[in-house]
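Letters A, B, ... mirror the listed sequences (proteins, then strands); counts begin at 1. Not measured: the values here are computed from a predicted model.
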There are 2 protein chains.
Amino acid sequence: MKSNSAKPYELDLLFRALADRTRLRLINLMGADEVCVCFLVEALKLTQPKISRHLAYLRRAGLVAARREGKWMHYRLAVPPDTRAAAIFTAVSAGLAEDKEMRLDRGRLVGLCCSPRAPAPLKRAPKPASVTPG
Amino acid sequence: MKSNSAKPYELDLLFRALADRTRLRLINLMGADEVCVCFLVEALKLTQPKISRHLAYLRRAGLVAARREGKWMHYRLAVPPDTRAAAIFTAVSAGLAEDKEMRLDRGRLVGLCCSPRAPAPLKRAPKPASVTPG
DNA sequence: GAATTATATTCGCCTAAGCAAATATATAAG
DNA sequence: CTTATATATTTGCTTAGGCGAATATAATTC
């Protein structure tokens, strides 16, 4: 009968998940739409296991959800179960755009997803739905 | 020439400071006004060194400021130097009121500060300015 | 200045969590 | 079934930071 969600999701859990620069950068890149892991790796220029580890952390914290599509995994932001956490998380992921490095990351991601000739192996993962250029 | 604050205050620094339940409870108690450490200790029923350690952490993160008044130290919330951090921190400290334990903490603090007969040694620290009852 | 009070810091220990390197798993392609 | 690709997990190591207990510092009082 409480107005809040029933789960005892603690706020400090959310903040622990946000307390890492790499995870914030990942959240930033997923702000618009779901993104394939391979693009996350390239956009952030970090090793694949490192990206995967942080995605796992975010998954455990309930901040992202994953969808498999063939060989590829697409991650997207998820709304945390707790009302307050959800409000904060939404505000944070929206506010990341103000950061300089975050904007650069986004630019690099768009370049990877949407450039006519993607770098390296030409056969890439399917593009996310709505990040396509105008 | 940037609209943001000049300092390279990183967001993950803020979140690390918020990633601890005890620190969140302290922030909650300082939401209204500056509070004497002795009341923080009693309201949270935690050991004095533990409170002091977490206050030091918050101080280093630029989230609280301290003022000495004789033997007593009064802590209050401070606005972090970074624009985004400030916005998030303000939202968080305001939103803590929705938490059950946080409300209990506040109630206990008011009881300590404003009861006609304070518990234990009767000579207590001076009361904060505006937490007095109506 | 000696004792008391309020607060801060140090110490030793322990867990969470970061990293790189290596390895495992899942799917697709041949 | 074998290989290649995409992603995930494990391993071994290192650091940040939590805790309680003990101790140090600062201001007040006697």
Side-chain angles (χ1 to χ4, degrees), chain A residues 10 12-26 30 34-61 63-76 112 118 120-128, chain B residues 10 12-26 30 34-61 63-76 112 118 120-128:
Chain A
E10 299 292 348
D12 51 308
L13 210 77
L14 167 69
F15 291 128
R16 265 196 294 279
L18 297 177
D20 179 278
R21 182 90 191 150
T22 300
R23 286 196 290 273
L24 288 178
R25 293 176 75 193
L26 287 170
M30 289 182 281
E34 69 173 19
V35 178
C36 177
V37 172
C38 61
F39 290 133
L40 296 173
V41 170
E42 285 196 44
L44 298 190
K45 293 194 172 77
L46 295 173
T47 68
Q48 177 269 320
K50 181 167 174 173
I51 297 288
S52 194
R53 178 162 19 93
H54 284 292
L55 286 173
Y57 195 118
L58 290 171
R59 213 183 326 117
R60 273 182 259 118
L63 299 187
V64 304
R67 180 180 66 85
R68 180 176 283 282
E69 185 175 323
K71 278 189 292 195
W72 297 280
M73 292 293 284
H74 295 262
Y75 279 80
R76 64 181 178 284
L112 288 170
L122 282 176
K123 193 164 54 173
R124 309 298 297 166
K127 298 174 183 180
Chain B
E10 300 293 350
D12 51 309
L13 210 76
L14 167 69
F15 290 128
R16 264 196 295 279
L18 298 176
D20 180 278
R21 183 90 189 149
T22 300
R23 286 197 290 272
L24 288 177
R25 293 175 75 191
L26 287 170
M30 289 182 280
E34 68 173 18
V35 178
C36 177
V37 173
C38 60
F39 291 133
L40 295 174
V41 170
E42 284 196 44
L44 299 191
K45 294 193 170 78
L46 295 172
T47 68
Q48 176 269 319
K50 181 167 175 174
I51 298 287
S52 194
R53 180 160 15 96
H54 284 291
L55 286 173
Y57 195 119
L58 291 172
R59 212 181 329 113
R60 273 182 259 117
L63 299 186
V64 304
R67 181 179 66 86
R68 181 174 281 282
E69 184 173 325
K71 278 190 292 196
W72 298 279
M73 290 293 284
H74 296 262
Y75 279 80
R76 64 182 179 284
L112 287 170
L122 282 177
K123 193 165 53 171
R124 309 298 296 165
K127 296 175 184 178

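In this structure, A:Leu14 CG and B:Phe15 CZ are separated by 7.5 Å, a value rounded to the nearest 0.5 Å. One finds the CG atom of B:Leu58 at 6.5 Å from the CG atom of B:Leu26 (value rounded to the nearest 0.5 Å).
The distance between atom CG of B:Leu46 and atom P of C:dT7, rounded to the nearest whole Å, is 15 Å. Spacing between atom NE2 of A:His74 and atom P of D:dA6 amounts to 12 Å, rounded to whole angstrom units. Distance, A:Leu44 CG to C:dG18 P: 15 Å, rounded to whole Å. Regarding B:Glu42, its CD atom lies at a distance of 14 Å from the C1' atom of C:dT7, rounded to whole Å. Straight-line distance from the CG atom of B:Leu55 to the P atom of C:dT9: 10 Å, rounded to whole Å. Residue A:Lys45 contributes atom NZ, which lies 20 Å from atom C1' of C:dC19 at whole-angstrom precision. Atom P of nucleotide C:dA16 and atom CG of A:Leu18 are separated by 20 Å, given to the nearest angstrom.
Between B:Leu55 and B:Met30 the shortest side-chain heavy-atom distance falls below 4.5 Å. Side-chain contact between A:Arg16 and A:Leu13 is present, with heavy atoms from C-beta onward closer than 4.5 Å.
In this model, the phosphate group of D:dA6 is not approached by any side-chain N or O of A:Tyr75 to a distance below 4.0 Å at OP1 or OP2.
Side-chain atoms of B:Arg59 do not come within 3.5 Å of backbone N or O of B:Ala61 as any donor-acceptor pair.
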Quiz item: Hey, mind stepping through A:Leu18 and B:Leu18 against side-chain contact (heavy atoms from CB on, under 4.5 Å) and telling me if it holds?
Solution: CA-CA 10 Å; A:Leu18 297 177; B:Leu18 298 176; over 6 Å; no

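Listed candidates were D:dT7, C:dT9, C:dA20. Nearest to the side chain of A:Cys36 is D:dT7.
Counting all heavy atoms, side chain and backbone alike, A:Ala66 lies closest to A:Met73 at CB-CE, 3.7 Å. Between A:Leu63 and A:Ala17 the shortest heavy-atom distance is CD1-CB, 3.7 Å.
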Taking N or O atoms only and anything under 3.5 Å, show me the protein contacts with nucleotides 22-28 of chain D, one pair per line.
none

Quiz item: Which parts of nucleotides 13-19 of chain D does protein reach within less than 4.0 Å, heavy atoms only, written one letter per nucleotide 5' to 3' as B for base, S for sugar-phosphate only and - for none?
Solution: ----SSB

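Judged as a side chain to side chain donor-acceptor pair (under 3.5 Å), the pairs with a partner in residues 45-57 of chain B (not counting sequence neighbours) are, in order, B:Arg23-B:His54.
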